[in-house]
Amino acid sequence: MCIFSISAHAEIKKVKDTLAYLKYDKAYWQVFIKQGDAAGKKISGSAYDKSIITWLQDGENIFACGIQGEAEIINIKTGKSQPVTLPAKSINDAVISPDGKLILYSDIAKDATDNKLWLYEVASKISKPLFKNIQGRQYDPKWSVNGDSFYFVTGVANTSYQISQATLKNLQPRVVVHNTRYNLDVDESINGKLTYSSNLKNSFDIWIKDGSKTTQLTKTEGSESHPNWSSDETHIYFEKLVDGVVNIWSVNVSDSEIKQVTFSKAGARFPVVYKRWVK
């Protein structure tokens, strides 16, 4: 396992986004990479459906988690894969920390009914539950850009779902997005702004939270989900379902103009931009 250092300050340079996403290819959801206007390049070939992907902070490797506990680290230049063994076959939302040392995931313990959040140390292969006292489900963890904290979804079935945040140093979660509906799919920008999907206005739309201010960014028909900030915060990538097929789109933060990014007839989803954290 490669170990990477975590730096303390963020700086954005005007570069084209490096976008990772999942695309249905033949029999499986595989990992693709797209830079600028170039066509997407397939980088994975393993025989399982990928459900979620995470960038490591070197920008050259991606962690992929499958729908039945499969996991691997893939080099985007060579396609070389390094298998990662997760603690259970029921895991499908595992995300690796930027330095490659820790993995967050949700799972249902024996004799339990709800997913709970767990932290797995890659080197020691030790896994521990994080929040035993939160009622309902805990799932869909996402690391902050620098890896010091993480976000996750909590909620009780048939009620509302909220987004919470906790730090590794102080595992005391605080609610950062809450209303009477479902709030899902959070992503943090390089400067700490949040984007997420919410059905507050009935259909799932893309929202932004900047401090205490929340803004609805998309208002089109259909479902928009899994938003992810661009590296310069000017726009947000997301997946949109149109005529039964999901593809990746982007929305301009300043004027809410949307445009289609992928045009797969079989489907493309789960966009994740590489966001570099530097001194």
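Source: prediction; values computed, not measured. Side chains included, hydrogens not; waters and symmetry mates left out as well; all remaining heavy atoms used.
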Restricting to pairs with a member in residues 77-102, which pass ring pair (Phe, Tyr, Trp, His ring centres under 6.0 Å), not counting sequence neighbours? none

If you measure only the distance, is there a donor-acceptor pair under 3.5 Å linking the side chains of K275 and N146? no

Is it the case that the side chains of S51 and N92 hold a donor-acceptor pair, with the cut-off being a distance below 3.5 Å and no angle test? no

Taking all non-hydrogen atoms of both residues, which atom of W249 and which atom of K240 are closest, and how far apart? CD1-CB, 3.5 Å

In this structure, CG of N199 is separated from OG of S223 (nearest 0.5 Å) by 9.0 Å

Listed by chain and number, what are the side-chain contact (heavy atoms from CB on, under 4.5 Å) partners of P129, not counting sequence neighbours? W118, K132

Drop me the distance from L86's CG to K125's NZ, to the nearest 0.5 angstrom. 9.5 Å

So that I can tick it off, tell me whether E121 and K101 are bridged by a salt bridge, with the cut-off set at under 4.0 angstrom between side-chain N and carboxylate O. no

Does the side chain of Q216 come under 3.5 Å of the side chain of D205 through a donor N or O and an acceptor N or O? yes

Report the residues that fulfil side-chain contact (heavy atoms from CB on, under 4.5 Å) with E72, sequence neighbours left out, ordered by chain and then residue number. S46, Y48, K50, A64, I74, S81

Between N61 and D58, a side-chain donor and acceptor under 3.5 Å: yes

Nearest-0.5 Å distance, CD1 of residue I62 to CG of residue L56: 9.0 Å

To check you understand the geometry: which heavy-atom pair defines the closest contact between G267 and W29, and what is its length? O-CZ3, 3.5 Å

How far does OG1 of T220 sit from CG of L217, to the nearest 0.5 angstrom? 10.0 Å

Counting only heavy atoms not in K42, do more than 12 sit closer than 6.0 Å to its NZ atom? yes

Pairs where residues 262-271 contributes a residue and the test side chain to side chain donor-acceptor pair (under 3.5 Å) is met, not counting sequence neighbours: N247-T262

Over all atoms of both residues, closest heavy-atom pair of G40 and K34: CA-CB, 4.2 Å

Atom of L184, atom of Y196 and distance for their closest heavy-atom approach: O-CB, 3.3 Å

Just verifying a value: how many Å separate I163 CD1 and D185 CG, rounded to the nearest 0.5 Å? 8.0 Å

Are S189 and E233 linked by a side-chain donor-acceptor pair shorter than 3.5 Å? yes

Aromatic contact between Y182 and Y161, with the criterion being ring centroids under 6.0 Å apart: yes or no? yes

Treating Ile, Leu, Val, Met, Phe, Trp and Tyr as nodes and any side-chain heavy-atom pair under 4.5 angstrom as an edge, say whether V31 and W143 lie in one connected cluster. yes

Could you verify whether a donor N or O on one side chain and an acceptor N or O on the other, from E224 and T218, lie under 3.5 Å apart? yes

What do you reckon, is CG of D255 surrounded by more than 12 foreign heavy atoms closer than 6.0 Å? yes

What residues form a salt bridge (charged side-chain N to carboxylate O under 4.0 Å, His left out) with D140, not counting sequence neighbours? K142

Restricting to side-chain contact (heavy atoms from CB on, under 4.5 Å), what partner residues turn up for Y274, sequence neighbours left out? T18, W55, R276

Minimum heavy-atom distance D49-A27, with the two atoms named: OD1-O, 4.0 Å

To the nearest 0.5 Å, what is the distance between CG (L200) and OG (S160)? 11.0 Å

Between F152 and F131 (judged by ring centroids, cut-off 6.0 Å), do the two rings come close enough to count as a pair? yes

Tell me which one of Q138, R137, Q162, Q135 satisfies side chain to side chain donor-acceptor pair (under 3.5 Å) with T154. Q162

May I have the step-by-step check of side-chain contact (heavy atoms from CB on, under 4.5 Å) for I248 and K23, ending in yes or no? CA-CA 10 Å; I248 296 168; K23 178 182 174 182; over 6 Å; no

Could you pull out the closest heavy-atom pair between V176 and K209, with the gap in Å? O-CE, 2.7 Å

